[in-house]
2 protein chains.
Amino acid sequence: MAQKQNRSRYAILGMLTYQPMSGYDIQKFFADIAGFWQESYGQIYPNLRQLWQEGLVSKQVEEREKGPNRHVYALTEAGQQVLQTWLQETAEPLPIRNELLLKLIFGHQAGHAANRRQLEAFKEQLTADIGNLNIVEAWQEAQMDEGDPHAQYRRMAVRYNLHANQALLTWCDECLAELAP
Amino acid sequence: MAQKQNRSRYAILGMLTYQPMSGYDIQKFFADIAGFWQESYGQIYPNLRQLWQEGLVSKQVEEREKGPNRHVYALTEAGQQVLQTWLQETAEPLPIRNELLLKLIFGHQAGHAANRRQLEAFKEQLTADIGNLNIVEAWQEAQMDEGDPHAQYRRMAVRYNLHANQALLTWCDECLAELAP
DNA sequence: GGAGTCATGTAACTTGTTACATGATTGA
DNA sequence: TCAATCATGTAACAAGTTACATGACTCC
């Protein structure tokens with residue numbers, strides 16, 4: 001039976017364009033760049049096995065004395081082609097579910113104080129996020145200077161969230177002004 | 001077995017604070033405000049039945065001569081309390097998966113032209129979205145004037161996306177400048 | 001001594017979508 | 001005449017998370 005969506009496959013294949021990696025590495029990468037993507041082991045390991053069976057990735061086992069061996073996967077020619085096809089298709093926005101906005105449109109029921117609390121909490125999140133993103137951006141710039149050809153693109157992803165979060169801070173203040181106590 | 005997450009339940013309960021509604025109405029509402037939430041029939045109808053069994057909503061059947069009868073649900077006291085508890089909890093951001101950014105961080109593999117195409121396509125989406133959001137905002141303002149107590153909050157949700165989208169337009173141009181042909 | 005990291009993997013579960021069945025009515 | 005709207009509902013599937021098992025090593 002044909003795959004329908006399964007973006008995890010592409011996320012995995014894509015990561016292997018950076019360098020050969022283990023499932024553990026892939027999980028860690030997405031957890032670290034945190035924000036716009038994440039993969040759980042429950043997705044990664046079964047998918048890696050299937051990609052390997054389909055010949056889209058190759059496997060090399062690094063023997064380790066302690067604990068489980070490291071399985072390092074690399075893109076094959078076939079894998080590169082599958083990835084390439086996907087990369088050339090225009091990305092369509094995935095359905096979003098924004099819980100803050102869901103609560104907000106029931107704001108009449110929630111009451112003034114609760115709405116303000118939601119917005120204040122969101123502001124704090126945004127501020128913290130922006131702080132982290134600034135640090136990551138500086139890091140990506142350093143990587144660019146060192147000649148990492150992927151760093152420029154990762155920086156763009158970071159700046160996406162910087163732009164959005166900054167705008168949302170403005171939005172929060174606008175709303176809070178409207179809901180003045 | 002206790003429910004774990006299931007935001008659909010709350011989305012449904014919340015809609016019933018606006019007025020008694022059918023499952024069909026609820027689906028339609030979310031499809032129309034399109035953007036930050038959506039519910040499928042496959043979620044709504046089973047959930048409505050369960051909420052009814054738990055006594056969180058009441059049901060009234062409107063007989064229709066043609067086609068299936070209309071089942072109109074309303075919030076009960078118990079339902080209002082469950083909703084209220086949820087509304088008072090601070091919203092935590094749901095995990096996001098942004099396919100555009102996923103593709104973008106593999107941009108070195110995709111190539112210059114493909115990256116530019118992705119960004120151009122995104123710009124078009126954003127521009128179209130902003131156009132729609134402006135119309136919806138005007139509509140919500142009209143509803144506010146007519147005394148709809150929920151319209152103010154719906155307008156805030158619309159403005160959230162206006163702010164974000166406008167900022168992302170700037171981001172697109174920034175990226176396109178960086179990827180000048 | 002305790003937390004965190006390295007490392008693989010699976011089973012049980014939740015959450016959600018899609019496509020279908022049914023069928024009359026309305027408007028372009 | 002064709003598409004959309006009204007209206008309920010289910011079955012099959014897809015996608016994804018969480019929690020667990022296993023166990024050594026390193027740093028505070």
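Proteins get letters first, then strands, A, B, ... in listed order; numbering begins at 1 in each. Since the structure is predicted, the reported quantities are computational estimates derived from the model, not experimental observations.
Across the protein-nucleic acid pair, B:E39 atom CD and C:dT18 atom C1' stand 15 Å apart, rounded to whole Å. In this structure, the CD1 atom of A:I96 is 17 Å from the C1' atom of C:dT17, given to the nearest Å. In this structure, B:D25 atom CG and D:dG9 atom C1' are separated by 16 Å, rounded to whole Å. Atom C1' of nucleotide C:dA7 and atom OH of A:Y45 are separated by 6 Å, given to the nearest angstrom. Taking atom CD1 on B:I12 and atom C1' on C:dG16, their separation rounds to 12 Å, with Å as the unit. Here the P atom of nucleotide D:dA14 and the CZ atom of A:R7 are 14 Å apart, to the nearest Å. Distance, A:W52 CH2 to C:dT8 P: 15 Å, rounded to whole Å. Taking atom CH2 of A:W37 as the reference point, atom P of D:dA15 lies 12 Å away to the nearest angstrom.
Axis angle between the ends of the helix from C:dG1-D:dC28 to C:dA28-D:dT1, five pairs each and rounded to 10 degrees, works out to 60°.
One N or O on the side chain of B:Q38 and one on the backbone of A:I96 form a donor-acceptor pair closer than 3.5 Å. With hydrogens and angles disregarded, a donor-acceptor distance shorter than 3.5 Å links the side chain of A:Q118 to the backbone of B:A91.
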request  = Take B:Y10 and A:K103 through the test side chain to side chain contact (heavy atoms under 4.5 Å, CB included) and record every step on the way to the result.
outcome  = CA-CA 9 Å; B:Y10 298 110; A:K103 291 196 178 188; over 6 Å; no
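The shortest distance between side-chain heavy atoms of A:R154 and A:Y18 falls below 4.5 Å. Proximity of B:F122 to B:L126: side-chain heavy atoms (C-beta onward) are separated by under 4.5 Å at one or more points.
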Quick one: side chains of residues 168-181 of chain A, donor-acceptor pairs under 3.5 Å with protein atoms, not counting sequence neighbours, listed by atom name and distance.
unit_1 : atom_1 : unit_2 : atom_2 : d
A:T170 : OG1    : A:Q166 : O      : 3.4
A:W171 : NE1    : B:M156 : O      : 2.9
A:D173 : OD1    : A:K123 : NZ     : 2.7
A:E174 : OE1    : B:R159 : NH2    : 3.2
A:E174 : OE1    : B:H163 : NE2    : 2.8
A:E174 : OE2    : B:R159 : NE     : 2.4
A:E174 : OE2    : B:R159 : NH2    : 3.1
A:E178 : OE1    : B:R155 : NH1    : 3.4
A:E178 : OE2    : B:Q152 : NE2    : 3.2
A:E178 : OE2    : B:R155 : NH1    : 3.4

Pairs of donor and acceptor atoms involving the side chains of residues 55-63 of chain B, under 3.5 Å and at least two apart or interchain, shall be tabulated with distances.
unit_1 : atom_1 : unit_2 : atom_2 : d
B:E62  : OE1    : B:R70  : NE     : 3.3

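In this structure, B:A11 and A:F106 approach most closely via the heavy-atom pair O-CZ, 3.7 Å.
Checking the phosphate oxygens (OP1, OP2) of C:dT15, no side-chain nitrogen or oxygen of B:R9 falls inside 4.0 Å. The side chain of B:S8 places no N or O atom within less than 4.0 Å of a non-bridging phosphate oxygen (OP1 or OP2) of C:dT15.
Comparing B:S22 and B:P95 along DNA chain D, the residue whose closest nucleotide (by nearest heavy atom) sits nearer the 5' end is B:S22. Nearer the 5' end of DNA chain C, as judged by each residue's closest nucleotide, is the contact made by A:N69, out of A:N69 and B:Q43.
Side-chain proximity of B:P46 to C:dT18, D:dT10, D:dG9: nearest is D:dT10. The listed nucleotides are D:dG9, C:dG9, C:dG16; the one nearest the side chain of A:R49 is C:dG9. Closest to the side chain of B:R70, from the set D:dA7, D:dT17, C:dA7, is D:dA7. Of the candidate nucleotides C:dT5, C:dG16, C:dT17, C:dT5 has the atom lying nearest to any side-chain atom of A:Y24.
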request  = Classify every nucleotide of nucleotides 20-28 of chain C by which part a protein heavy atom approaches to under 4.0 Å, writing B for the base, S for the sugar-phosphate alone and - for neither, in 5'-to-3' order.
outcome  = ----SS---
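Considering only residues two or more places apart in sequence or on other chains, B:Y45 meets the side-chain contact (heavy atoms from CB on, under 4.5 Å) condition with B:Y24, B:Y41. For B:H108, the ring-ring contact (aromatic ring centres under 6.0 Å, His included) partners two or more places apart in sequence, or in a different chain, are A:H150.
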